[in-house]
Amino acid sequence: MAKRLKNFQQTKGGVWPTLLAWVSVLTLFIAALLMAGAGPAYRWQLLGLGEAFTLLRNGVYATAGAMLLSLLLLVVSGITRRFGAALVAVIVLAATLALLYSPWQQWQRAQQAPVIHDITTDLQNPPAFNALRNEREAAPNAVDYPGETTARQQREAYPNVQPLVVDAPVTSVLAAAQAEVEASGWRIAAITENTIEATATTYWFGFEDDVVIRLTEQQDAVRIDMRSASRLGASDVGINAQRIETFLTALRERLE
């Protein structure tokens, strides 16, 4: 047995680790291209959304394949004592884990988030889209707030989505809100004396979510309500709620 292992190390030991190393690296490269290219391909209208998601899914499959190949390479390099190949295996394995982390995180969020896409701090009287009405009417998702079913799911899933009340003049609050919108990189559609409407575009796929911020004077304070709604998709995997909480937190700090 020892003699056979020695012969394998001498004859095949230099071939299989090298071959597996090249194949695992190539598979990893293809997986990275598929996953990285899915979003821009849709954003630049080279592919439809379904085709882009298929590209992304194939990238995940290719990443899993690269992971399996790297594990096999690790075993073979250990048997043949090719430590350079073992190093390649470790690098590919680490890279596949990094590539799979984002899809895994998104999947986890999708499992936890309710299937809603329209979030607001005022469930009784949600801020309305006026300047963006035409754009939203042309999109798959409705322009009007979906109603009590969505409100009930939001209360259960996102109890921290609440209006912000500040002790400041409404003009100062409006200016601060506009500055925060601009800092967030959102495209402003309209500004009135008490509302701001804007569109936030996601970085990777370029999905457009519309935002309206409404200011209401209350004696010596100003109540800030906000609504963030996706134009496309039944579920936003929590993005709109996160956007509202992040924005209002940043606005509070800006006003302090």
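Positions are given from 1 along the sequence.
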**Study point:** Close side-chain approach of T199 and R231, heavy atoms under 4.5 Å
**Key:** yes
Exercise for review: Treating Ile, Leu, Val, Met, Phe, Trp and Tyr as nodes and any side-chain heavy-atom pair under 4.5 angstrom as an edge, say whether L232 and L56 lie in one connected cluster.
Suggested key: yes
**Study point:** Non-hydrogen atoms of A86 and L74 that approach each other most closely
**Key:** O-CD1, 3.8 Å
**Study point:** Short side-chain donor-acceptor distance under 3.5 Å, D118 and T150
**Key:** no
Review point. At their closest point, which heavy atom of T80 faces which heavy atom of P17, and how far apart are they?
Key: OG1-CG, 3.4 Å
Practice item. Using the side-chain contact (heavy atoms from CB on, under 4.5 Å) rule, take L215 and T195 through it: C-alpha gap first, then chi angles, then the decisive distance, then the call. Key: CA-CA 6 Å; L215 310 182; T195 63; over 6 Å; no
Review point. Has W204 got more than 12 heavy atoms of other residues, nucleotides or ligands less than 6.0 Å from its CH2?
Key: yes
**Study point:** Taking every non-hydrogen atom, the tightest pair across V88 and A21
**Key:** CG1-CB, 4.0 Å
Check your understanding: Between the side chain of S184 and the main-chain N/O of W186, is any donor-acceptor distance below 3.5 Å?
Key -> no
Practice item. Flag the pair I213 / D225 as yes when at least one side-chain heavy-atom distance between them is below 4.5 Å, and no otherwise. Key: no
Check your understanding: Heavy-atom count around E193 CD within 6.0 Å, excluding the residue itself: above 12?
Key -> no
Check your understanding: For the side chain of T54 and the backbone of G50, is there at least one donor-acceptor N/O pair under 3.5 Å apart?
Key -> yes
Exercise for review: Quick one: pull up CG in L49 and CD in E51 and give me the separation to the nearest 0.5 Å.
Suggested key: 9.5 Å
Exercise for review: Answer yes or no: is there a donor N or O on one side and an acceptor on the other, between the side chain of E197 and the main chain of V212, under 3.5 Å?
Suggested key: no
Check your understanding: Hey, does L55 have a side-chain heavy atom less than 4.5 Å from the side chain of L47?
Key -> yes
Revision key, fill the gap. S24 meets the side-chain contact (heavy atoms from CB on, under 4.5 Å) criterion, sequence neighbours left out, with L69, L73, V92
Point to revise | A131 versus A190, closest heavy-atom pair with distance | key: CB-CB, 3.4 Å
Practice item. Measure the CH2-CZ distance between W16 and R82 for me, rounded to the nearest 0.5 Å. Key: 14.0 Å
Check your understanding: Just one of L97, L28, L72 clears the side chain to side chain contact (heavy atoms under 4.5 Å, CB included) bar with M67, so which one?
Key -> L97
Exercise for review: Give a yes or no on whether I91 and I30 share a hydrophobic cluster (residues Ile, Leu, Val, Met, Phe, Trp, Tyr; joining criterion: side-chain heavy atoms under 4.5 Å apart).
Suggested key: no
Review point. Are Y61 and M35 connected, step by step, through hydrophobic side chains (Ile, Leu, Val, Met, Phe, Trp, Tyr) whose heavy atoms are closer than 4.5 Å?
Key: no
Review point. Between R252 and E256, does at least one N-O distance fall below 4.0 Å, as a salt bridge requires?
Key: no
Practice item. Treat each ILVMFWY residue as a node, draw an edge where side-chain heavy atoms are under 4.5 Å apart, and state whether V76 and L93 are in one component. Key: yes
Practice item. Please round to the nearest 0.5 Å and tell me the distance separating atom OG1 of T171 and atom CG of N194. Key: 12.5 Å
Check your understanding: Nearest heavy-atom pair of A52 and Y42: which atoms, and what distance?
Key -> CB-CB, 3.7 Å
**Study point:** Verdict with reasoning, F83 to L87, per side-chain contact (heavy atoms from CB on, under 4.5 Å)
**Key:** CA-CA 6 Å; F83 299 111; L87 178 60; over 6 Å; no
Review point. Do the side chains of V211 and V181 join up, straight or via other hydrophobic residues, at under 4.5 Å, putting them in one cluster?
Key: yes
Review point. Heavy atoms, side chains only, cut-off 4.5 Å: are R57 and P103 in contact?
Key: no
Review point. Between I116 and Y158, is a side-chain contact (heavy atoms from CB on, under 4.5 Å) present by the stated rule, with each step listed?
Key: CA-CA 11 Å; I116 56 177; Y158 311 120; 4.2 Å; yes
**Study point:** From CD1 (I188) to CD (Q178), nearest 0.5 Å
**Key:** 5.0 Å
Exercise for review: List in chain and number order the residues that pass ring pair (Phe, Tyr, Trp, His ring centres under 6.0 Å) with F205, two or more places apart in sequence or in another chain; answer none if no residue qualifies.
Suggested key: F53, F207
Practice item. List the steps, then state whether salt bridge (Lys or Arg N to Asp or Glu O under 4.0 Å) holds for R152 with E148. Key: CA-CA 6 Å; R152 175 175 48 78; E148 181 55 32; 5.7 Å; no
Practice item. Could you go through the side-chain contact (heavy atoms from CB on, under 4.5 Å) check for T216 and V222 one step at a time? Key: CA-CA 6 Å; T216 305; V222 175; over 6 Å; no
Review point. Atom CG of L99 and atom OG1 of T63: how far apart are they, to the nearest 0.5 Å?
Key: 5.0 Å
Point to revise | Side chain T27, main chain G65, donor-acceptor under 3.5 Å | key: no
Practice item. Would you please name every residue forming a side-chain contact (heavy atoms from CB on, under 4.5 Å) with L255, sequence neighbours left out? Key: V166, V173, A176, L251
Check your understanding: Among D236, N141, N240, whose side-chain hydrogen bond (donor to acceptor under 3.5 Å, both in side chains) with S230 holds?
Key -> N240
Review point. CD of E156: more than 12 outside heavy atoms within 6.0 angstrom?
Key: yes
Review point. Within the distance-only criterion (no hydrogens, no angle test), does the side chain of H117 pair as donor or acceptor with the backbone N or O of A229 below 3.5 angstrom?
Key: no
Review point. Among T121, I244, T120, I224, which one satisfies side chain to side chain contact (heavy atoms under 4.5 Å, CB included) with P163?
Key: T121
Review point. For the salt bridge (charged side-chain N to carboxylate O under 4.0 Å, His left out) test, which of R187, R243, R136 pairs with D210?
Key: R136
**Study point:** Member of R227, Q162, R214 meeting the side chain to side chain contact (heavy atoms under 4.5 Å, CB included) criterion with D122
**Key:** R214
Review point. Going by atom types only, do D209 and S228 share a side-chain donor-acceptor pair under 3.5 Å?
Key: no
**Study point:** Rounded distance (nearest 0.5 Å) linking atom OG1 of T249 with atom CG of L164
**Key:** 8.5 Å
